[in-house]
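To keep things clear, I will list the structure first and then write my remarks on it.
Naming: A, B, ... by sequence-line order, numbering from 1 per chain. The structure displayed is predicted, hence computed values, not measured ones.
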Amino acid sequence: MAELNKAYEAKKVEDRIYKLWEKSGFFNPDKLPKRHKTPFTILMPPPNANDPLHVGHAVFVTLEDILIRYNRMQGKKTLWLPGADHAGFETQVVYEKKLAKQGRSRFDMKREEFYKEVWDYTQKNRKTVKEQLKKLGASCDWTRDTFTLDAHIIKTVYKTFKKMADEGLVYRGERLVNYCTKHRTAFADLEIKHETRKDPLYYMKYGPIVVATVRPETKFGDTAIAVHPDDKRYKKYIGKELKIETVVGKRTLKVIADKEVDPEFGTGAVKVTPAHDANDFAMWERHKKEIEGPLQVIGLDGRLNENTGLYEGMKVEEAREKIVKDMKTKGLIEKIDEDYEHTIALCYKCNNVIEPMLMRQWFVKTKPLAKEAIKAVKEKETTILPKNYEKIYFHWMNNIRDWNISRQNWWGISIPAWLCEDCPKGEWTVTDGKKPTSCSKCKGKNLKQDEDVFDTWFSSSQWPFATLKYPNHKDFKTFYPTDVMETAADILFFWVARMMMLSIYQTKKAPFKYVYLHGLVRDKDRQKMSKSKGNVIDPLGVIDTYGTDALRIALTIGNMPGKDTAISEDKIRGYRNFVNKLWNISRFVHLETKNYNQNKRPTLSVKDKAILKNFEKIVKQTTKALDEFRFSHAAENLYHYIWHTYADKVIEDSKPILNNTKTRAARQYVLVKVLGDSLKLLHPFMPFITEEIYQQLPLQKKQTTIMIESWPT
RNA sequence: GGGCAAUUAGCUCAGCUGGCUAGAGCGUCUCAUUGACAUUGAGGAGGUCACAGGUUCAAGUCCUGUAUUGCCCACCA
């Protein structure tokens, strides 16, 4: 060590150290020494297998690895199970963009061909991601590495779906779903975003009544006019059939009374278009006996269909313009409010307006599942950190609506449901994967599988018990429920809440004891990182320049639960200096303790004892902070101790003491003891350099790696 | 429309159950210097803790209200 460079060179050390860890086998809980009994489990949120890691991934790897390494040193039988997500729709979009660049499209391909190409693509990416996780120092058990499309995962997903179907918790229903006409698929409510916009509000003459709407182009799908039951203006029309002149001839519409109609809004009268508006759909459901059902006028291609006469084939916006123009000509528009402010639903991916579309899809009945998921948190079977996210969780759970899990995509897990073409009503048979031999209803043999795939979140919501091989595998019995789910706060509903629901449904136990949520990584000005802004920090680039340990400390200090964290190259450089400081501290101690024999404990002076006593406080503080998930505090405290107490005070004071033969041995003992234990405390945060120094320190008893050293007490 | 939070040094943020003469890192200023480390050391400047009330022996810390900012949820034409 003494011959080594004055400056620590992370690049020369890290890969070698990671190989040492892998060789030790201790990432695998089954290979840990016998003293590691009580299990401690974290399931890694599987990164998408469609892109390399970004700095946000580095945050979760760092925090989870801190927990894992800390608990491993605490003598726990520690499992950190890594994985990769096929990320259905997300990956399909990424891959379609690649195809587009080559002038190709999935619609020119066979579904199987497309699937095969995406499969190969994700497998290649998985390798990259795995290498990157290793670079970040992740001490996860690679022997249990799991892909969301592995056979045992799919098998579990099918079993759950079958069970839910049998118990009536999933149903196939015709509902208005959020449909993106660009991506040609439906989405769950969670997957759409809302935006406030100003659009014209058209007052259209429907016979003697004027109705206000922002969507004149759906008028062909009107099946009624609705007014408030107590509205004096319209009372005389309620229950009557009104003759109405339209742009394409005359028709009649019935006037119904519904208390959901706000007399204050617009004219107090509304056109009812059940096929293209969720409110109107609900209205029709309330008045099924009085009025006609949904009449679809917009197709899945986003164009007006055959029910719209001469407007057939026009895109929605185009048709709207034309219809308004034609109505004006015919004198059917009373007035237009140009700046009507309202919110519209958009596709989260392409920002296109979401078209409510009437489709038959598979839905999960969420209310009973949510009830149990609420109970688990209320009864503290699961604790969410930071605490205030529990309120958010309850709020969402209490207002939950049924979950559409059908997607019209190609990349994903196909739905194990078969439609019988012999049954007049089209009966569905759900299995746990295999094609049924005959229809469960009529025993017919003409069965056709549903072409849709599952929402990726439906399968990933089963990750906790699927990865551990529920119900019979020893991993499930040993490691479930897991200890901590550490993940990004923005997927609380998408993933965490649904894992709670489905895991409790299948296993009767909440899947984790703690949920720890972290925020987004922002740049030093708190701006979101994005490629277009050019403020993206590439973790691998940073590692190359400053080393993994520096990056990890920089991402830990100042990172508060549930809050966004700011990072800059300056900050990382600052912590690189700390890494180097630790290196030089160790060089000094190493130089000064060359011929020191630790077997004989020398008599300590008052000052020596004071140093040890003070250090005990640091040990306690660090342990407490980690037990409370206060990563930033733990790291900051250690940083401060090492630099401004151990280096600046202890070492400086030691120089004369080491030069005195009478006091030398005792001080050597103190320096080695405190440095040795400090390395252990620091190891979860900066695993590489602490291992490198540990390997060379003249400690009395040493393990093959600091990873399995006992945590200081 | 509903909910959740934040507001402390130039910047990024701590300050957990009330005791602070309010802290850290970065930045900044002065000085030192190649003898573990210049990726260094010593020292300094810098804050009426958003605002207004209240509870208390005591409030950055608890309560109420106001302002500003951010985030999330939401089927009213």
Side-chain angles (χ1 to χ4, degrees), chain A residues 1-2 4-8 176 178 189-190 192-194 196 199 201-204 211-216 218 225-226 260-262 264-273 277-283 340 342-345 354 356 386-396 398-401 489-490 492-493 519-520 522-526 546-547 550 553-554 557-560 562-568 570-592 624-625 628 630 632-633 635-637 639-640 643-644 647-648 651-652 654-655:
Chain A
M1 199 158 174
L4 292 178
N5 238 308
K6 282 181 173 185
Y8 173 67
L176 278 189
N178 309 297
D189 295 331
L190 251 188
I192 58 166
K193 55 179 191 182
H194 295 86
T196 307
D199 281 311
L201 180 67
Y202 304 95
Y203 287 73
M204 313 195 299
V211 298
T213 181
V214 286
R215 301 206 59 186
T218 62
I225 296 168
E260 286 300 301
V261 178
D262 177 5
E264 304 291 312
F265 185 88
T267 59
V270 58
K271 71 190 198 64
V272 182
T273 321
D277 184 280
N279 283 313
D280 295 2
F281 186 80
M283 190 115 49
Y340 171 60
H342 66 144
T343 56
I344 52 162
I354 287 289
K387 270 286 194 187
N388 67 292
Y389 273 84
E390 290 190 351
K391 286 189 200 169
I392 298 171
Y393 173 87
F394 290 138
H395 186 261
W396 187 77
N398 282 322
N399 294 294
I400 200 163
R401 294 161 60 196
D490 59 359
L492 177 63
F493 307 140
L520 227 63
R522 295 171 175 271
D523 75 3
K524 63 179 191 327
D525 304 314
R526 300 201 51 76
Y546 301 106
I553 294 278
I557 293 182
N559 191 338
M560 289 292 135
K563 284 189 187 169
D564 290 354
T565 176
I567 188 88
S568 63
D570 280 346
K571 188 174 175 186
I572 298 163
R573 194 183 299 117
Y575 290 112
R576 187 274 317 267
N577 294 354
F578 175 59
V579 173
N580 191 59
K581 184 76 187 179
L582 181 63
W583 178 251
N584 279 293
I585 286 168
S586 307
R587 281 179 65 217
F588 175 82
V589 173
H590 197 258
L591 272 172
E592 294 294 334
K624 187 164 182 282
E628 293 171 351
R630 293 154 64 96
S632 176
H633 286 89
E636 210 175 336
N637 199 29
Y639 173 98
H640 209 260
W643 202 319
H644 300 299
D648 293 347
I651 285 188
E652 289 310 318
S654 295
K655 284 174 181 171

Subject >> Validation row: A/M283, A/V261 side chains within 4.5 angstrom (heavy atoms) >> reply: yes

Original post:
Taking any strand in view, what nucleotide pairs with B/rU55 in a Watson-Crick or G-U wobble way, both distances under 3.5 Å?
Top reply: none

Original post:
A/F493 near the nucleic acid: base, sugar-phosphate alone, or nothing, with a heavy-atom cut-off under 4.0 Å?
Top reply: sugar-phosphate

**OP:** Identify the nucleotide, in any strand shown, that forms a Watson-Crick or G-U wobble pair with B/rU17, with both distances under 3.5 Å; if there is none, say none.
**Re:** none

Original post:
Side-chain N or O of A/H644 less than 4.0 angstrom from OP1 or OP2 on B/rA24?
Top reply: no

Original post:
Is A/K193 near enough to B/rC71 that one of its side-chain N or O atoms lies under 4.0 angstrom from OP1 or OP2?
Top reply: no

Original post:
Checking all strands, does A/K563 fall into the base, sugar-phosphate, or nothing category for heavy-atom contacts under 4.0 angstrom?
Top reply: sugar-phosphate

**OP:** Round to the nearest Å and state the distance from A/F394 atom CZ to B/rC4 atom C1'.
**Re:** 14 Å

**OP:** Would you indicate what A/R573 reaches in the nucleic acid, counting non-hydrogen atoms under 4.0 angstrom: base, sugar-phosphate, or nothing?
**Re:** nothing

**OP:** For A/D525, answer base if it contacts any base atom (sugar-phosphate contacts may also be present), sugar-phosphate if it contacts only those atoms, and nothing otherwise; contact means non-hydrogen atoms under 4.0 Å.
**Re:** nothing

Original post:
Quick one: A/L492 CG to B/rA5 C1', roughly how many Å, whole number?
Top reply: 14 Å

Original post:
What's the CD1-C1' distance between A/I354 and B/rA74, to the nearest Å?
Top reply: 15 Å

Original post:
Does A/I585 reach the side chain of A/W643, with side-chain heavy atoms less than 4.5 Å apart?
Top reply: no

Original post:
Paired with B/rA24 by Watson-Crick or G-U wobble geometry, both distances under 3.5 Å: which nucleotide is it?
Top reply: B/rU12

**OP:** Could you check which of B/rA14, B/rC4, B/rG25 has an atom nearest any side-chain atom of A/N388?
**Re:** B/rC4

Subject >> Nucleotide of B/rA24, B/rA36, B/rG25 approaching A/Y575 most closely (side-chain heavy atoms) >> reply: B/rG25

**OP:** Give a yes/no on whether any side-chain N or O of A/K387 is located under 4.0 angstrom from OP1 or OP2 of B/rC4.
**Re:** no

Original post:
Just checking A/A647: base, sugar-phosphate only, or nothing, at a heavy-atom cut-off of under 4.0 Å?
Top reply: base

Original post:
Can you tell if the side chain of A/L190 reaches within under 4.5 Å of the side chain of A/W396, non-hydrogen atoms only?
Top reply: yes

Subject >> For atom OH of A/Y639 and atom C1' of B/rC13, their distance in whole Å >> reply: 14 Å

Subject >> A/N279 side chain near A/E260 side chain, heavy-atom distance below 4.5 Å >> reply: no

**OP:** Quick one: look up who B/rA45 pairs with, Watson-Crick or G-U, both distances under 3.5 Å, and put none if it's unpaired.
**Re:** none

**OP:** Would you mind reporting whether A/K6 and A/R587 have side-chain heavy atoms less than 4.5 Å apart?
**Re:** yes

Original post:
Under 4.0 angstrom, heavy atoms only, what part of the nucleic acid is A/Y203 near: base, sugar-phosphate, or nothing?
Top reply: nothing

Original post:
Side-chain donor-acceptor pair under 3.5 Å between A/D648 and A/H644, yes or no?
Top reply: yes

Subject >> For atom CG of A/N580 and atom C1' of B/rU39, their distance in whole Å >> reply: 5 Å

Original post:
Base, sugar-phosphate alone, or nothing: which one does A/I392 contact when heavy atoms must sit under 4.0 Å apart?
Top reply: sugar-phosphate

Original post:
Is A/N577 near enough to B/rU40 that one of its side-chain N or O atoms lies under 4.0 angstrom from OP1 or OP2?
Top reply: yes

Original post:
For A/A566, which contact category applies under a 4.0 Å heavy-atom criterion: base, sugar-phosphate, or nothing?
Top reply: sugar-phosphate

Original post:
Between atom CZ in A/F578 and atom P in B/rC26, what is the gap in whole Å?
Top reply: 12 Å

Subject >> Nearest-nucleotide 5' precedence on RNA chain B, A/W643 against A/K624 >> reply: A/K624

Subject >> side-chain N/O A/K6 vs B/rC37 OP1/OP2, d < 4.0 Å >> reply: yes

Original post:
Taking only N and O in the side chain of A/K391, is any of them less than 4.0 Å away from OP1 or OP2 of B/rA5?
Top reply: yes

**OP:** Quick one: label A/I651 by what it contacts on the DNA or RNA (base, sugar-phosphate, nothing), any heavy atom closer than 4.0 Å.
**Re:** base

**OP:** Find the distance A/L582:CG to B/rA36:C1' and express it as a whole number of Å.
**Re:** 12 Å

**OP:** Carefully, step by step, assess A/Y575 and A/Y639 under the rule ring-ring contact (aromatic ring centres under 6.0 Å, His included).
**Re:** CA-CA 9 Å; A/Y575 290 112; A/Y639 173 98; 5.5 Å; yes

**OP:** Scan every strand shown for a Watson-Crick or G-U wobble partner of B/rG70, both distances under 3.5 Å, and answer none if you come up empty.
**Re:** B/rC4

**OP:** Quick one: label A/K524 by what it contacts on the DNA or RNA (base, sugar-phosphate, nothing), any heavy atom closer than 4.0 Å.
**Re:** sugar-phosphate

Original post:
Taking atom C1' of B/rC13 as reference, at what distance in whole Å does atom CG of A/D570 sit?
Top reply: 16 Å

Original post:
Does A/K571 get its side chain close enough to the base of B/rC26, under 3.5 Å, for a donor-acceptor pair?
Top reply: no

**OP:** Give one of base, sugar-phosphate or nothing for A/V272, where a contact means two heavy atoms less than 4.0 Å apart.
**Re:** nothing

Original post:
Does a distance-only test, which skips hydrogens and angles, find a donor-acceptor pair under 3.5 Å between the side chain of A/E652 and the base of B/rA42?
Top reply: no

Original post:
Are any of the side-chain heavy atoms of A/Y340 and A/D199 separated by less than 4.5 Å?
Top reply: no

Original post:
Starting at the 5' end of RNA chain B, which residue's closest nucleotide do you reach first, A/G266 or A/D189?
Top reply: A/D189

**OP:** Using Watson-Crick or G-U wobble geometry with both distances below 3.5 Å, tell me the partner of B/rU39, or none.
**Re:** none

